[in-house]
Amino acid sequence: MIIQLLAAGVEAPESSFGFWQAMEEGGPVAWSILGVMIIMSVGSFYILFTKLFEQQKVMNQYKDVRSNFWRANTIREGATKLEKNSAWRQLADDAIAAEDKHAKLNDSLEAHDWMHGSLARSEHAIQAKLNGGLPFLATVGATAPFVGLLGTVIGIYRALINIGVAGSASIDKVAGPVGEALIMTAIGLLVAVPAVFAYNWLQSRNRKIFDMMSGFSTDLLANINSGGTIKPATMTATSTQTAGKAAAGRTTTAATTPAAGASTTTTTKR
């Protein structure tokens with residue numbers, strides 16, 4: 001009875017195992033790896049939001065191109081309707097600059113190649129700007145799991161050292177290092193997965209923008225070489241539909257209005 005009372009009066013030692021305890025077990029190495037992971041994660045989300053904002057701005061500016069630019073009489077007039085320092089304004093300005101130098105070339109084929117190359121260089125410059133930061137996302141997505149794996153290996157190594165020193169694989173000797181190892185693996189995956197998703201999503205949106213720019217450059221080149229007579233097919237279709245509606249309206253009006261000089265006879269019953 002006395003032994004039981006003494007055993008009941010002595011509390012078992014409490015062992016707390018959590019994130020901070022595992023990081024403290026890891027020491028400077030664990031904290032260094034965690035710091036690298038935080039830098040990777042913050043950089044990935046920063047690039048995601050800044051590039052998303054930049055892409056959306058370019059897509060919204062394209063609406064002005066479709067609605068205002070091609071309604072102008074000339075490319076020079078249409079360029080003034082575009083927002084300054086925009087990608088579309090840059091393409092239009094480069095096309096105008098290429099047109100100004102176009103007259104100095106004697107060979108018409110060389111002149112066409114010159115204008116085509118000038119617009120291609122402008123497109124590549126814009127593409128390089130939109131792709132800026134995406135290699136960082138690709139690097140984070142590829143390396144973050146291995147950085148976490150480094151912490152995992154170090155944690156397991158420390159667990160084996162503790163087992164060797166203690167001579168037994170008791171839970172209090174293994175739980176800390178193993179917990180640190182699992183936490184590092186989880187952090188590596190949490191950093192890598194959003195970076196990979198962000199990279200693929202931004203790349204798909206960039207490809208969509210590049211397709212729009214390629215079409216816009218082609219329309220600019222065709223418009224310049226045709227002296228302003230060729231415009232995008234969508235604008236031509238819209239203009240044709242508008243003209244057709246106007247013609248239909250005039251036909252209806254002519255059908256319901258009596259011709260000039262026509263007389264109306266009235267028959268009176270007697």
> What is the distance from atom OG1 of Thr80 to atom CD1 of Ile75, rounded to the nearest 0.5 Å?
Replying inline: 12.0 Å
> Can you list the steps and then say if Phe69 with Leu220 is a side chain to side chain contact (heavy atoms under 4.5 Å, CB included)?
Replying inline: CA-CA 11 Å; Phe69 180 81; Leu220 286 174; 3.8 Å; yes
>> Would you compute the distance between atom CD1 of Ile187 and atom CD1 of Ile38 and round it to the nearest 0.5 angstrom?
In response: 7.5 Å
> Who pairs with Ser122 by side-chain contact (heavy atoms from CB on, under 4.5 Å), at least two apart in sequence or on another chain?
Replying inline: Gln90, Leu91, Asp94, Ile126
>> For a quick test of reading the model, state the closest non-hydrogen atom pair linking Val140 to Pro145 and the distance between them.
In response: O-CD, 4.3 Å
> Taking the hydrophobic residues Ile, Leu, Val, Met, Phe, Trp and Tyr, and joining any pair whose side-chain heavy atoms are under 4.5 Å apart, which ones share a cluster with Ile39?
Replying inline: none
>> According to side-chain contact (heavy atoms from CB on, under 4.5 Å), who are the partners of Thr74, at least two apart in sequence or on a separate chain?
In response: Arg76, Glu77
> Are side-chain N/O atoms of Asn206 and Gln127 paired as donor and acceptor at under 3.5 Å?
Replying inline: no
> Are Leu190 and Phe146 grouped together when hydrophobic residues (ILVMFWY) are joined by side-chain heavy atoms under 4.5 angstrom apart?
Replying inline: no
> What closest approach, in Å, do Leu119 and Ala95 show between heavy atoms, and which atom pair accounts for it?
Replying inline: CD2-CB, 3.7 Å
> Are Phe49 and Val196 joined in one hydrophobic group, where the rule is that I, L, V, M, F, W and Y side chains link up if heavy atoms are under 4.5 Å apart?
Replying inline: no
> Residues in salt bridge (charged side-chain N to carboxylate O under 4.0 Å, His left out) with Arg89, at least two apart?
Replying inline: Asp93
> Is it true that a side-chain atom of Asn223 and a backbone atom of Asp219 form a donor plus acceptor pair closer than 3.5 Å?
Replying inline: no
>> Is any side-chain heavy atom of Met213 closer than 4.5 Å to one of Val58?
In response: yes
> Nearest 0.5 Å, what's the CG-CZ distance between Asn200 and Arg205?
Replying inline: 14.0 Å
> So which heavy atom on Met40 is nearest to which on Val191, and how close?
Replying inline: CB-CG1, 3.8 Å
>> Can you tell me how far apart NE2 (His124) and CZ (Phe210) are? Round to the nearest 0.5 Å.
In response: 9.5 Å
>> Please give me the minimum heavy-atom distance between Met59 and Ile209, naming the atom from each residue.
In response: CE-CG1, 3.8 Å
> Considering all heavy atoms of both residues, which atom of Ala87 and which atom of Gln61 are nearest to each other, and what is their separation?
Replying inline: N-OE1, 4.1 Å
>> Rounded to the nearest 0.5 Å, what separates atom CG in Leu221 from atom NE2 in His116?
In response: 6.5 Å
>> Please give the remaining members of the hydrophobic cluster of Phe197, linking ILVMFWY side chains under 4.5 Å, ordered by chain and number.
In response: Val193
> Which value, rounded to the nearest 0.5 Å, describes the distance between Asn68 atom CG and Glu83 atom CD?
Replying inline: 12.0 Å
> Does Ile183 belong to the same Ile/Leu/Val/Met/Phe/Trp/Tyr cluster as Val153, with side-chain heavy atoms less than 4.5 Å apart forming each link?
Replying inline: no
>> Are Val42 and Leu34 connected into the same hydrophobic cluster when the rule is that any two of I, L, V, M, F, W, Y join if their side-chain heavy atoms are below 4.5 Å apart?
In response: yes
> Would a hydrophobic clustering, with Ile, Leu, Val, Met, Phe, Trp and Tyr connected at side-chain separations under 4.5 Å, put Leu52 with Leu134?
Replying inline: yes
> Would you find more than 12 non-hydrogen atoms of other residues, nucleotides or ligands less than 6.0 Å from Asp211 atom CG?
Replying inline: yes
>> Measuring only between side-chain heavy atoms, which start at C-beta, is Phe53 closer than 4.5 Å to Leu48?
In response: no
>> Holding to ring-ring contact (aromatic ring centres under 6.0 Å, His included), I want the full list of residues that pass it with Tyr199, two or more places apart in sequence or in another chain.
In response: none
> Restricting to pairs with a member in residues 40-51, which pass salt bridge (charged side-chain N to carboxylate O under 4.0 Å, His left out), not counting sequence neighbours?
Replying inline: Lys51-Glu54
> Tell me the salt bridge (charged side-chain N to carboxylate O under 4.0 Å, His left out) pairs involving residues 115-141, sequence neighbours left out?
Replying inline: none
>> Per the salt bridge (charged side-chain N to carboxylate O under 4.0 Å, His left out) rule, what does the pair list look like for residues 133-151, sequence neighbours excluded?
In response: none
> Which pairs with one or both residues in residues 137-149 pass side chain to side chain donor-acceptor pair (under 3.5 Å), sequence neighbours excluded?
Replying inline: none
> Can you pull the ring pair (Phe, Tyr, Trp, His ring centres under 6.0 Å) pairs that have at least one residue in residues 76-100, sequence neighbours excluded?
Replying inline: Tyr62-Trp88, Trp88-Phe216
>> If the condition is side chain to side chain donor-acceptor pair (under 3.5 Å), which residues does Asn60 pass it with, not counting sequence neighbours?
In response: Gln56
> What pair of heavy atoms forms the shortest contact from Leu189 to Pro194, and how long is it?
Replying inline: O-CD, 4.2 Å
> Mind checking whether Val65 and Met212 have side chains closer than 4.5 Å, heavy atoms only?
Replying inline: no
